[in-house]
Undergrad: 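Let me begin by handing over the structure; questions about it come next.
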Amino acid sequence: LEVIEILTREGMKAEKICIDHVDVWLRHDYIRALLDKGAFVEFDNFGKEYYIRREVRNSGYGLFVHDIDRVRLLKKMIDDGLIGELFFVESEYAHDYALLLSGASEWRRDPERHGVVGGGCHAVDLLRWLAGDPKEVFAYGTHKLLPMVEYDDATIAIMKFDNNVAGKVFVSTGCKRDYTMRTVIYGTKGTIICDNTSPTMTLFTVDEEGVTKEPQTIEVEVNNHNAA
């Protein structure tokens, strides 16, 4: 924080400053203060889930927390109002099964293994974690992409949550694109855009007058079983 104060006092814009390795030892108040000043922060230690004894943490090996703790910190920052009150959340599970329906993946044809059950459940659970259990849900499905399966290969679900929050989940097991579980979290004072196949997250916040500031890019390490 002192470095940011020195640099900005000398005329450097805060959005030109990036503080790396903030997730080696998670300190919510410190990370929030950096963001409030307009600096970028870098969560660049995803995947480094190992510990050493605290008494030798200065030996050069470092002390790394679990990835889930990093995710929980981001959730806490949302809960603490970093992007204001939630009003809309959306996620998706887009994965082309066209080349995955034979051999060892024959099980993907099973009607009981509908795309929403087999993959979209992850997107649904994420929204439930962010906004709570939905109170109303309706969905539409289409079947134009995978004629060899019995279930709908594209589904869109609209959800109504408590606190006047709406949500959407798109699931497709035949869409012609790369795998993704892109998620966008909209708040009254900012927006978080992330994708489990992307090495960065984008954070939009507002200034004291409510004007959207330049987006901050938060670097993360890709860590999912469908992406290299």
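Position 1 is the first residue of the sequence; numbering continues from there.
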Undergrad: Is any NZ, NE, NH1 or NH2 atom of the basic residue among Arg128 and Asp125 found under 4.0 Å from an Asp or Glu carboxylate oxygen of the other?
TA: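 Yes, charged N to carboxylate O under 4.0 Å.
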
Undergrad: Sequence neighbours left out, what passes side chain to side chain donor-acceptor pair (under 3.5 Å) with Glu92? Give chain and number order.
TA: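 Expected list: none.
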
Undergrad: Distance from Ile192 atom CD1 to Ile83 atom CD1, nearest 0.5 Å?
TA: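 Interatomic distance, Ile192 CD1 to Ile83 CD1, rounded to 0.5 Å: 4.5 Å.
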
Undergrad: Tell me the closest heavy-atom pair linking Leu126 and Met181, and the distance in Å.
TA: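 In this case the closest contact between Leu126 and Met181 is CD2-CE, 4.1 Å.
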
Undergrad: Spell out, yes or no, whether Tyr140 and Phe170 are grouped together once hydrophobic residues are joined by side-chain heavy atoms under 4.5 Å, including indirect joins.
TA: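 They do share one cluster, since a chain of ILVMFWY contacts under 4.5 Å joins Tyr140 to Phe170.
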
Undergrad: Scan residues 150-169 for pairs that pass ring-ring contact (aromatic ring centres under 6.0 Å, His included), counting only residues two or more places apart or in two chains.
TA: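 Found His114-Tyr151.
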
Undergrad: Would you confirm whether Thr188, through its side chain, and Glu85, through its main-chain N or O, come within 3.5 Å as a donor-acceptor pair?
TA: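 It does hold such a pair.
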
Undergrad: Rounded to the nearest 0.5 Å, what separation is found between the CG atom of Leu146 and the OH atom of Tyr97?
TA: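 Separation between the atoms: 9.5 Å.
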
Undergrad: Applying salt bridge (charged side-chain N to carboxylate O under 4.0 Å, His left out) as the test, list every pair that has at least one member in residues 139-149; sequence neighbours left out.
TA: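 Residue pairs with at least one partner in residues 139-149: there are none.
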
Undergrad: For Leu86 and Ile78, what are the C-alpha separation, side-chain angles and deciding distance, and is it a side-chain contact (heavy atoms from CB on, under 4.5 Å)?
TA: CA-CA 9 Å; Leu86 293 183; Ile78 294 172; 4.2 Å; yes

Undergrad: Is it the case that the side chain of Asn163 and the backbone of Val165 share a donor-acceptor pair, with hydrogens and angles ignored and the cut-off at 3.5 Å?
TA: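 No; zero donor-acceptor contacts below 3.5 Å.
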
Undergrad: Using the rule that two of Ile, Leu, Val, Met, Phe, Trp, Tyr join whenever any of their side-chain heavy atoms come within less than 4.5 Å, decide whether Val3 and Leu34 are in one cluster.
TA: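 Yes, it is one cluster - the side chains of Val3 and Leu34 are joined through contacts under 4.5 Å.
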
Undergrad: I need the minimum non-hydrogen distance between Asp96 and Cys175, along with the two atoms involved.
TA: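 So the minimum-distance heavy-atom pair works out to CB-O, 3.2 Å.
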
Undergrad: Can you name the residues that form a side chain to side chain contact (heavy atoms under 4.5 Å, CB included) with Asp178, not counting sequence neighbours?
TA: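 Not a single residue meets the side chain to side chain contact (heavy atoms under 4.5 Å, CB included) criterion with Asp178.
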
Undergrad: Please check if any side-chain donor atom of Tyr93 sits under 3.5 Å from a side-chain acceptor atom of His95, or the reverse.
TA: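 Yes, because at least one side-chain N or O of Tyr93 sits under 3.5 Å from a partner of the opposite role on His95.
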
Undergrad: Can any side-chain N or O of Lys189 pair as donor or acceptor with the backbone N or O of Gly187 at less than 3.5 Å?
TA: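 No, Lys189 side chain to Gly187 backbone: no donor-acceptor pair under 3.5 Å.
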
Undergrad: Roughly how far apart are Asp207 CG and Glu214 CD, rounded to 0.5 Å?
TA: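 One finds 11.5 Å between CG of Asp207 and CD of Glu214.
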
Undergrad: Taking atom NZ of Lys168 and atom CE of Met159, what is their separation to the nearest 0.5 Å?
TA: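 So the NZ of Lys168 and the CE of Met159 are separated by 11.5 Å.
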
Undergrad: Tell me which donor-acceptor pairs under 3.5 Å the side chains of residues 6-14 have, and how far apart each pair is, sequence neighbours excluded?
TA:
residue: Thr8; atom: OG1; partner: Ile4; partner atom: O; Å: 2.7
residue: Thr8; atom: OG1; partner: Glu5; partner atom: O; Å: 3.2

Undergrad: Should Val124 and Val117 be counted in the same cluster of Ile, Leu, Val, Met, Phe, Trp and Tyr side chains packed under 4.5 Å apart?
TA: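 Hydrophobic grouping puts Val124 apart from Val117.
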
Undergrad: Rest of the hydrophobic cluster containing Val184 (Ile/Leu/Val/Met/Phe/Trp/Tyr, side-chain heavy atoms under 4.5 Å)?
TA: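 So far as hydrophobic clustering goes, Val184 is joined with Phe87, Phe88, Tyr186, Ile193, Phe204.
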
Undergrad: Looking only at heavy atoms, what is the nearest atom pair of Ala94 and Arg177, with distance?
TA: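 Taking every non-hydrogen atom into account, CB-CD, 4.1 Å.
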
Undergrad: For Lys160, look at atom NZ and say whether over 12 heavy atoms of other residues, nucleotides or ligands are found less than 6.0 Å away.
TA: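 It does not: Lys160 NZ has 12 such atoms or fewer within range.
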
Undergrad: Keeping the roles fixed (side chain from Asp110, backbone from Glu112), state whether a donor-acceptor pair exists under 3.5 Å.
TA: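 Judged by distance alone, yes, a pair lies under 3.5 Å.
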
Undergrad: If I compare all heavy atoms of Leu145 with all of Ser172, which pair ends up nearest, and what's the gap?
TA: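 Looks like CD1-OG, 3.8 Å.
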
Undergrad: Does any non-hydrogen side-chain atom of Leu130 lie less than 4.5 Å from one of Ile185?
TA: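 Yes; the side chains approach each other to less than 4.5 Å.
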
Undergrad: With a 4.5 Å cut-off on side-chain heavy atoms, are Leu203 and Thr217 touching?
TA: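 Side chain of Thr217 against side chain of Leu203, heavy atoms only: no contact under 4.5 Å found.
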
Undergrad: Could you give the distance from CE (Met201) to CG (Asn196), rounded to the nearest 0.5 Å?
TA: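 Separation between the atoms: 11.5 Å.
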
Undergrad: So how far is it from Thr183 OG1 to Leu127 CG, rounded to the nearest 0.5 Å?
TA: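 Interatomic distance, Thr183 OG1 to Leu127 CG, rounded to 0.5 Å: 7.0 Å.
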
Undergrad: Flag yes if more than 12 heavy atoms outside Asp79 fall under 6.0 Å of its CG atom; otherwise flag no.
TA: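 Buried by this count: over 12 neighbours within 6.0 Å.
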
Undergrad: Using only heavy-atom distances, determine whether the side chains of Thr173 and Asp153 contain a donor-acceptor pair under 3.5 Å.
TA: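 There is no such pair between these side chains.
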
